[in-house]
Amino acid sequence: MTDSPIYLDYASTTPLDPRVFEAMTPYFLEDFGNAASTTHTYGERAAKAVKESRQLIADAINALPEEMHFTSGATEAINLALKGAFFTHGHQKPHIITSQTEHKAVLDTCAYLEEIGAEVTYLPVDTDGLIDLAQLESSIRKDTLLVSIMIANNETGVLQEIKEIGRICHSKGVLFFTDATQAFGKVPIEVLNTSIDMLCFSAHKIYGPKGIGGLYVKKGIQLTPQIHGGGHEFGLRSGTLNVPGIVGLAKATQLCLEDMEETYWRLKNIRDEFESELEIAGKIKVNGKNAPRLPHFSNFQLLNEEAESFILRNRNKIAVAQGSACNSALIQPSHVLKAMGLNDREAENSIRVCWGIIGKNPITISKLFK
Ligand SMILES: *Cc1c(COP(=O)(O)O)cnc(C)c1O
């Protein structure tokens, strides 16, 4: 491990915080009970841990515990939100609005719903990655079921105007789902005084374990379950609960909240210093620069070198992403950057650097750039 490159790909996943690992460990070993099998203390202890975790995560966004549903991650939560709403209401209201820069989990689910009768509007974004609120408002029709717009983009960190978007949706009687996977634990989020009806998140983006996440569903909203078999999670998502995962998600959430402000400014300072040094030297052009962004994200075009050769040349020094991780298996220019007006070459020549709270101090990486 001593020779491993510096990890700067925290938007694709994060290492487990050792304190999260420690909190989870008993639930693999002595407290291994099934949270739904409470005729004995094993199950009771598991059920108690789940209850406390659910309360903690609900409190984190100002929701009620019965509004929180555990899933295998954000992808499943997105599928449940969009398909669940469409299967319940889609025959009267088949129209969905989303944006061109959503995560593939939203875009691919929308494409599937189009195959079975949905009509989807994909809103464009401006050169900084923001949707136009007037265009959103005028896109809402009588038969619009829901709007799905992410809080923070997973390639650029660009933050949409969620409060305004929610207000527009509610003034028109349309459901509002937001993919909060990148924003959760990084910036304050709250559902009580906003018009967010559904919201998803994932533990492995916040120093928790992979394979656990959740969906907030505002009380009173009907969704059709996508996984049947026992009626767990208030009937919405069956399957034996991943107790260690849930405990890990709660611990990771708690730690992020405790340090949120301190982490925000520390990482923002590192990011801003990095960007301004390389911009002044004429080496990079930052994507989404004029929009509000998450503090630990930098997505930029390289001006003096191909992104691919930069990544190869520095493979042993830093681990960064070209485009988004989900696209890199396919090697396609990023759909997010193209929607922001970059051409294929500019998109392919862009790199995402994301700083995090665990690992080596990455302040000196700017000297690696030509
Ligand atoms: C990572 C990510 C997802 C998918 O989350 P998983 O828990 O890995 O399924 C969805 N949306 C965004 C914005 C993400 O960053």
Side-chain angles (χ1 to χ4, degrees), residues 7-16 20 57 61 68-83 98-112 125 129-131 147-160 162 165 176-187 189 196 198-216 226-227 237 239 242 245-246 248-250 252-253 256 288 291-299 320-321 323-329 334-337 339-340 352-356:
Y7 187 74
L8 292 170
D9 196 15
Y10 285 89
S12 76
T13 195
T14 59
L16 210 63
V20 172
I57 298 161
I61 59 168
M68 309 305 295
H69 306 82
F70 295 115
T71 64
S72 64
T75 301
E76 190 196 322
I78 289 164
N79 274 262
L80 175 56
L82 300 183
K83 292 179 189 169
T98 186
S99 84
Q100 293 175 358
T101 57
E102 295 292 305
H103 190 275
K104 289 285 179 188
V106 168
L107 294 177
D108 288 353
T109 303
C110 285
Y112 164 74
V125 295
L130 294 171
I131 64 161
V147 169
S148 173
I149 301 286
M150 68 204 321
I151 299 184
N153 187 271
N154 52 295
E155 294 190 32
T156 58
V158 165
L159 293 157
Q160 300 289 344
I162 286 307
I165 293 170
F176 177 41
F177 164 68
T178 189
D179 176 353
T181 313
Q182 290 292 341
F184 185 82
K186 313 287 169 59
V187 289
I189 298 174
I196 296 171
M198 297 187 280
L199 172 152
C200 72
F201 50 91
S202 181
H204 77 96
K205 303 285 173 72
I206 58 165
Y207 312 97
K210 293 168 182 63
I212 187 76
L215 180 68
Y216 157 79
Q226 299 302 301
I227 298 178
R237 199 277 191 180
N242 173 358
I246 290 166
L249 169 60
T253 302
C256 280
R293 281 183 293 158
L294 287 177
H296 58 296
F297 267 73
S298 187
N299 189 311
V320 298
S324 80
C326 309
N327 289 351
S328 43
S334 148
H335 70 282
V336 173
L337 299 179
M340 291 164 71
R352 180 187 67 191
V353 178
C354 275
W355 290 266

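By convention here, the first residue in the shown sequence is residue 1. One-based numbering, in listed order, for ligands and for the atoms of each.
Closest heavy-atom contact between Gly208 and Leu16: C-CD1, 3.2 Å. The shortest heavy-atom contact between Ile206 and Ser202 is CG1-O, 3.9 Å.
Judged as a side-chain contact (heavy atoms from CB on, under 4.5 Å), and not counting sequence neighbours, the contacts of Ala183 are Ile151, Ala152, Val187, Ile189.
Residue Gly73 approaches ligand 1 through these ligand atoms, each under 4.0 Å from one of its heavy atoms: 7 (O). Atom numbering of ligand 1 starts at 1 in the shown order; those under 4.0 Å from a heavy atom of Met150 are 13 (C). Taking a cut-off of under 4.0 Å to the non-hydrogen atoms of Asn154, the atoms of ligand 1 that pass are 13 (C), 15 (O). Atom numbering of ligand 1 starts at 1 in the shown order; those under 4.0 Å from a heavy atom of Ser202 are 6 (P), 7 (O).
A donor-acceptor pair under 3.5 Å is formed between the side chain of Gln182 and the backbone N or O of Ala11.
For atom 3 (C) of ligand 1, the choice among His204, His103, Gln182 with the nearest heavy atom turns out to be His103. Selection from Ala152, Ser72, Ala74 by nearest heavy atom to atom 5 (O) of ligand 1 gives Ala74.
Between Asn79 and Tyr112, every side-chain heavy-atom pair lies at or beyond the 4.5 Å cut-off.
Neither the backbone nor the side chain of Glu76 has a heavy atom within less than 4.0 Å of ligand 1.
Ranking the protein heavy atoms by distance from atom 14 (C) of ligand 1 puts Lys205 NZ, 3.0 Å first. At the shortest separation from atom 9 (O) of ligand 1 among protein heavy atoms lies Thr75 OG1, 2.5 Å. Considering only non-hydrogen protein atoms, atom 11 (N) of ligand 1 sits nearest to Asp179 OD2, 2.7 Å.
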For a side-chain hydrogen bond (donor to acceptor under 3.5 Å, both in side chains) check, start with the C-alpha distance between Lys205 and Thr14, then their side-chain angles and the critical distance, and finish with the verdict. CA-CA 6 Å; Lys205 303 285 173 72; Thr14 59; over 6 Å; no
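Classification of the Phe184-Phe201 ring pair by plane angle, with boundaries at 30° and 60°, yields parallel.
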